[in-house]
There are 2 protein chains.
Amino acid sequence: MDAHSIKVACSSCNLRELCLPMGLSHDEMNKLDHVISTRKRIKRGTALFNTGDRFTSLYAVRSGFFKTCITTADGRDQVTGFQMTGEIIGLDGIVSDQHSCDAIALEDAEVCVMPFDQLETLSREFNTLQHHVHKIMSREIVRDHGVMLLLGSMRAEERLAAFLLNLVQRLHARGFSQSELILRMTREEIGSYLGMKLETVSRTFSKFVEDGVIEVKQRYVKILDTEALKRIVNPQVCN
Amino acid sequence: MDAHSIKVACSSCNLRELCLPMGLSHDEMNKLDHVISTRKRIKRGTALFNTGDRFTSLYAVRSGFFKTCITTADGRDQVTGFQMTGEIIGLDGIVSDQHSCDAIALEDAEVCVMPFDQLETLSREFNTLQHHVHKIMSREIVRDHGVMLLLGSMRAEERLAAFLLNLVQRLHARGFSQSELILRMTREEIGSYLGMKLETVSRTFSKFVEDGVIEVKQRYVKILDTEALKRIVNPQVCN
DNA sequence: CGGCACCTTGAAACCGATCAAAGGGTGTGG
DNA sequence: CCACACCCTTTGATCGGTTTCAAGGTGCCG
C-alpha cells in the first residue's frame with residue numbers, strides 16, 4: 001500500500017514539471033499526493049467519460065493520447081481538442097456538474113484521477129495551487145480562442161500548417177523531436193478538429209509533400225521546412 | 001465615501017442574481033463588496049484592455065455591451081465573444097499575466113473592477129465563491145467549444161440562426177423580449193464571430209426575411225418564428 | 001445638408017465539399 | 001504464418017456555397 005501510494009505520487013512523477021504540480025513546493029506536492037490517489041487505465045478507442053456523465057474529477061494524462069469531442073442531436077460532431085501527456089481533461093464538467101463532451105483515448109492510456117472537491121479544498125489552503133488551477137483553466141480558454149481564429153479565418157493549408165506546428169511544439173516540450181511525429185488520430189479526426197473534410201486533409205498533406213515542406217508516410221510525419229510552415233500560417237508577415 | 005462604497009456594492013446591485021455574486025450568502029456578499037471597490041466607464045469604441053496589457057483584474061459588465069477579439073500579425077482578426085450585462089471579461093489574462101485579446105465597448109459601458117489577487121484571496125476563504133469562479137471559467141470553456149462546433153461544422157444559415165437564438169436567449173434572461181432585439185454590433189463583427197464575410201451575413205439576414213422567419217430594420221431584429229430558427233440550426237431533428 | 005460609415009444586392013471566381021473508386025496497412029482468425 | 005477483411009487513405013471529377021469584387025442605397029451625425 002505504501003509502495004502503491006508512492007507509485008501514484010506526483011512528487012515522484014517524471015511529469016511533475018509539465019503537469020498540475022508544476023511550480024509547487026515539496027510540501028505542497030506531498031499534500032497533492034493525497035488528493036491524486038488513483039490512476040485509471042483507458043483502452044484505445046474507449047471513453048474516459050461521455051457527455052452527460054456526472055462530473056467528479058479532473059484527469060491528468062499520464063500516458064497515451066486523447067481527443068475530446070462534442071456531438072449534436074443530428075449526429076454531427078466536432079473534435080474540440082487533442083490532449084497529450086501532462087495535459088488536463090475534464091474542465092468542461094465543472095459548470096453544470098456533468099460533462100459536456102466525450103473524452104476518448106486514441107491509444108491505450110493512463111490518467112491520474114483528481115477528485116475536484118478535494119482539489120478545491122487543497123486550493124483554498126495553498127495559493128500556489130489555487131493560482132495554478134486558475135492558470136490551467138485560463139490556458140484552455142486562450143487555446144480555444146486560438147482555435148476559433150483558426151476555424152474562423154484561416155484557409156485549409158493554414159489550418160493544417162498551424163496544427164502541425166502546434167503538435168510538434170507540444171511534443172518537443174515533452175522531449176520528442178522538433179521535426180518528426182506520429183499522428184495518433186485519423187485524417188477524419190484531424191479534419192473534424194480543423195473544420196475540414198478528411199479528403200481535404202489528405203489533399204493538403206499531399207500538397208505539402210509536393211512542395212517539399214513535409215514528408216508523410218501514413219501516420220508518420222517529418223517536417224522538412226519549419227519556416228515554410230510558419231510562412232503558410234502567417235502569409236504576409238513582411239507587409 | 002460611504003455613500004460611494006454603497007453605490008458600487010454587489011449587495012445592492014440589481015445584477016447580483018446574474019453576475020459574480022450569484023448564490024452567495026449575505027455575509028459573503030458583504031466581503032465581496034470590499035473586493036469590488038471601483039467601477040470604470042468605457043466609451044463606445046474604446047478598449048477596456050488591449051492585447052499585451054498587464055492582467056490585474058476581471059471585469060463584470062455593469063452596463064453596455066462588449067466584444068473581445070484577437071488580431072494576428074498579418075491583420076486578420078477574430079471576434080471571440082460578445083459580452084453583455086452581468087458577464088465576466090478578462091479570464092484570458094490569468095494564464096500569462098497579460099491579456100491575449102482586446103476588449104472593446106460597442107456602446108458606452110460601465111464595468112465593475114475585480115482585482116484578481118483579492119478575488120483569489122477571498123476565494124480561499126469562501127468555498128461558495130471559489131466554486132463560483134471555477135464555474136464561470138468552465139462556462140466560458142463550454143461556450144467556446146460550442147463556438148468551435150459552430151465554426152467547424154455549420155453552414156452560414158445555421159450559424160446565423162444559432163447566433164440569433166443565443167443572443168435573444170441571453171437577453172431574455174436579462175428581462176428583455178424573447179423575440180425582439182437591437183444588434184449592438186455591425187454585420188462585419190457578426191461575420192468575424194461566425195467565420196463569414198459581412199456580405200454573407202447580410203445575404204443570410206435577407207434570406208431569413210424572405211422566408212418570413214425574421215424581420216430586420218438595420219440593427220433591429222424581430223424573430224417571427226423561433227421554431228423555424230431552431231429547425232435551421234438542427235436540420236434533421238426528426239430522423 | 002453633406003459626408004461617412006454601414007448595409008444591401010448582383011455577378012463571377014474559387015475553394016473546399018461531395019461523390020466515386022481504387023490502393024495500402026494492419027490485425028485477427030484460420 | 002498467411003490470407004482475408006476492414007478501415008484508413010489517396011486521388012480524380014464535379015458540384016455548390018461562400019468569397020470576392022463592384023456598385024448603389026440607407027441612415028445618422030456634425
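Within every chain, numbering begins at 1; the chains are lettered A, B, ... in the order of the sequence lines, protein sequences first and strands thereafter.
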Let me know the distance between CD of A:E107 and C1' of C:dG27, rounded to the nearest Å. 17 Å

Would you say that more than 12 heavy atoms from the other residues, nucleotides or ligands in this model lie under 6.0 Å from the CD of B:E188, or not? no

Side chain proximity check, A:S138 to B:L91, heavy atoms < 4.5 angstrom: no

Expressed as a whole number of angstroms, how long is the span from A:K217:NZ to D:dT10:C1'? 16 Å

More than 12 heavy atoms of other residues, nucleotides or ligands under 6.0 Å from CD of A:Q178: is that the case? no

Could you check how far CG of A:L194 sits from P of C:dG16, rounded to whole Å? 12 Å

Indicate, with a heavy-atom threshold strictly under 4.0 Å, whether B:G195 touches base, sugar-phosphate, or nothing. sugar-phosphate

Side chain to side chain, B:E110 and B:I42, heavy atoms closer than 4.5 Å: no

Side chains of B:I214 and B:L224: closer than 4.5 Å at any heavy-atom pair? no

Identify, between B:M154 and B:R44, the residue whose nearest nucleotide on DNA chain D lies closer to the 5' end. B:M154

Considering only nitrogen or oxygen atoms on both sides, find all protein atoms under 3.5 Å from nucleotides 6-11 of chain C and state each distance.
unit_1	atom_1	unit_2	atom_2	d
C:dC7	OP1	B:R219	NE	3.0
C:dC7	OP2	B:R187	N	2.9
C:dT8	OP1	B:R187	NH2	3.3
C:dT8	OP2	B:R187	NE	2.9
C:dT8	OP2	B:S202	OG	2.8
C:dT8	O5'	B:S202	OG	3.2
C:dT9	OP2	B:S206	OG	2.5
C:dG10	N7	B:R203	NH1	2.9
C:dG10	O6	B:R203	NH2	3.0
C:dA11	N6	B:R203	NH2	3.3

Distance, rounded to the nearest Å, where A:K207 contributes NZ and C:dC15 contributes C1': 13 Å

Nearest-angstrom distance from the residue atom CZ of A:R76 to P of C:dA17: 14 Å

CZ of B:R44: more than 12 outside heavy atoms within 6.0 angstrom? no

Return the value, rounded to whole Å, for the distance between atom CD1 of A:I182 and atom P of D:dC8. 17 Å

From NZ of A:K197 across to P of D:dT18 the rounded distance in Å is 13 Å

Spacing between B:L106 atom CG and C:dA5 atom C1', to the nearest angstrom: 15 Å

